[in-house]
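Okay, structure first, notes after.
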Amino acid sequence: EKLVEKGFERSKITILPNFTEASGGEINQAKEDYFLFIGRLSEEKGISTLLRAANNADGSIKLYIVGDGPLKEKVINFASEHKEKVKYLGFKSGREKEAVIRNAKAVIVPSEWYENFPTVILESFSLGTTVIGSNIGGIPYMIKNGVNGLVFEPGNEQELNNKIKLINSDDRLLSELSVNAVKSYLSNYTKEKYFEGIKRIYAKIN
């Protein structure tokens, strides 16, 4: 849409989704009792909005934060002051990263700038975890609201809080979103799907 706004012909634009090789494709039925942010700890990623939402959240809702960045100290201080709600886990990679995603009820992507195609959403879907994401950039093209995840208006901590509470209080909804998250991964974001897409593009332009 941004390219079209700048004068490119829509007919000459092809969208090819990225893929992830994260081991997955299955749902962890025994989700643990926490929501997760994983990524760069910076203002444009919506960290401040997320912390405000956590501050106003029901006491039964737990938020784990994984990552590093310029707002790290802010996150650490907030977690220290709200130990019953927020836990900062530092930086994770590899199997530790996959485990913390797989076991979460949902991953939260509260970005406030035009994300292109967040890898964390692909990884979450592949590991059977639904996503609550901002309605901006490429995020709503990946998250079908009420199908494989939920979207909210960027910067709106009350709406984010409501979406978190909805998933936290409805096990049936959580299960449906998780199942559809995996289906989205298998249908769109495997390396096989990516290679098929590449071949179609090459065949079209030859």
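The residues of the chain are indexed from 1 along the displayed sequence.
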Output a table of donor-acceptor pairs, distance under 3.5 Å, between side-chain atoms of residues 168-179 and any protein atom two or more places apart or on a different chain; print 'none' if there are none.
| from | atom 1 | to | atom 2 | distance (Å) |
| --- | --- | --- | --- | --- |
| N168 | OD1 | K105 | NZ | 2.8 |
| S169 | OG | K165 | O | 2.9 |
| S169 | OG | L166 | O | 3.2 |
| D170 | OD1 | R172 | N | 3.2 |
| D170 | OD1 | L173 | N | 3.0 |
| S178 | OG | L174 | O | 2.7 |

Quiz: residues 3-11 side-chain donor-acceptor pairs under 3.5 angstrom, not counting sequence neighbours:
| from | atom 1 | to | atom 2 | distance (Å) |
| --- | --- | --- | --- | --- |
| R10 | NH1 | E1 | OE2 | 3.0 |
| R10 | NH2 | E1 | OE1 | 3.4 |

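In the displayed structure, I15 atom CD1 is contacted under 6.0 Å by at most 12 heavy atoms of other residues, nucleotides or ligands.
Side-chain atoms of E112 and S134 form no donor-acceptor pair, as typed in the model, at a separation below 3.5 Å. Side chains of N77 and E81: a donor-acceptor N/O pair is absent below 3.5 angstrom, by distance only.
The backbone N or O of Q158 lies less than 3.5 Å from no partner atom in the side chain of N56, so there is not a single donor-acceptor pair. Of the possible polar contacts, one joining the S187 side chain to the K183 backbone as a donor-acceptor pair under 3.5 Å is found. A distance-only check finds no donor-acceptor pair linking the side chain of Y88 to the backbone of K72 [under 3.5 Å]. Using modelled atom types, one side-chain atom of N103 and one backbone atom of A99 make a donor-acceptor pair closer than 3.5 Å.
Under a 4.5 Å side-chain heavy-atom criterion applied to ILVMFWY residues, the cluster that includes F91 comprises that residue alone.
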Any chance you could lay out the side-chain hydrogen bond (donor to acceptor under 3.5 Å, both in side chains) test for E44 and S111, step after step, and finish with the verdict?
CA-CA 6 Å; E44 72 275 7; S111 294; over 6 Å; no

Might you work through the side-chain hydrogen bond (donor to acceptor under 3.5 Å, both in side chains) test for S184 and K144, ending with a clear yes or no?
CA-CA 10 Å; S184 295; K144 305 305 178 186; over 6 Å; no

Can you list the steps and then say if V66 with E96 is a side-chain contact (heavy atoms from CB on, under 4.5 Å)?
CA-CA 11 Å; V66 171; E96 277 191 320; over 6 Å; no

Pair L71-E43, side-chain contact (heavy atoms from CB on, under 4.5 Å): steps then yes or no:
CA-CA 7 Å; L71 297 184; E43 201 64 48; 3.6 Å; yes

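The CD1 atom of I198 sits 15.0 Å away from the NZ atom of K193 when rounded to the nearest 0.5 Å. Of the inter-residue distances, the one linking L51 atom CG with F37 atom CZ reads 9.5 Å to the nearest 0.5 angstrom. In this structure, L63 CG and I108 CD1 are separated by 5.5 Å, a value rounded to the nearest 0.5 Å. Annotation: the span from L50 atom CG to I132 atom CD1 amounts to 10.0 Å, rounded to 0.5 Å. Between T130 atom OG1 and I143 atom CD1 the span is 7.0 Å, to the nearest 0.5 Å. For the atom pair CG (N148) and OG (S124), the distance works out to 11.0 Å, reported to the nearest 0.5 Å.
No chain of hydrophobic side-chain contacts below 4.5 Å, direct or via other Ile, Leu, Val, Met, Phe, Trp or Tyr residues, connects Y141 to V109. Taking hydrophobic clusters as Ile, Leu, Val, Met, Phe, Trp and Tyr residues chained together by side-chain heavy-atom distances below 4.5 Å, V182 shares a cluster with V131. Follow the hydrophobic side-chain contacts under 4.5 Å out from V86 and you reach I167 in the same cluster. Note on V151 and M142: same hydrophobic cluster, where clusters join Ile, Leu, Val, Met, Phe, Trp and Tyr whose side-chain heavy atoms are under 4.5 Å apart, directly or indirectly. The hydrophobic clustering, which links ILVMFWY residues whose side-chain heavy atoms are closer than 4.5 Å, places L160 and L36 apart.
Minimum heavy-atom separation, F35 to I61: CD1-CG2, 4.0 Å. Nearest heavy atoms, G155 versus R52: O-NH2, 4.1 Å.
Contact annotation: the side chain of K204 never approaches that of R200 to less than 4.5 Å [non-hydrogen atoms, C-beta and beyond]. Counting heavy atoms from C-beta outward, P118 and I139 have side chains that approach closer than 4.5 Å. With contacts defined as side-chain heavy-atom distances shorter than 4.5 Å, the pair K87/I65 does not qualify. Residues I101 and K97 meet the side-chain proximity criterion, which asks for heavy atoms closer than 4.5 Å. At least one side-chain heavy atom of K31 sits less than 4.5 Å from a side-chain heavy atom of T129. A heavy-atom distance below 4.5 Å is found between the side chains of L127 and E98.
Annotation: side chain to side chain donor-acceptor pair (under 3.5 Å) contacts of N135 (sequence neighbours excluded): E153. Residues forming a salt bridge (Lys or Arg N to Asp or Glu O under 4.0 Å) with K191 (at least two apart in sequence, or on another chain): E21.
Here F19 and Y194 bring their ring centres to under 6.0 angstrom of each other.
None of T20, L186, I121 except one satisfies the side-chain contact (heavy atoms from CB on, under 4.5 Å) rule with S126; the exception is T20.
Using a 4.0 Å cut-off between charged side-chain N and carboxylate O, E84 and K62 make no salt bridge.
Applying the ring-ring contact (aromatic ring centres under 6.0 Å, His included) test to pairs two or more places apart or on separate chains, those with a residue in residues 99-118 are F117-Y189.
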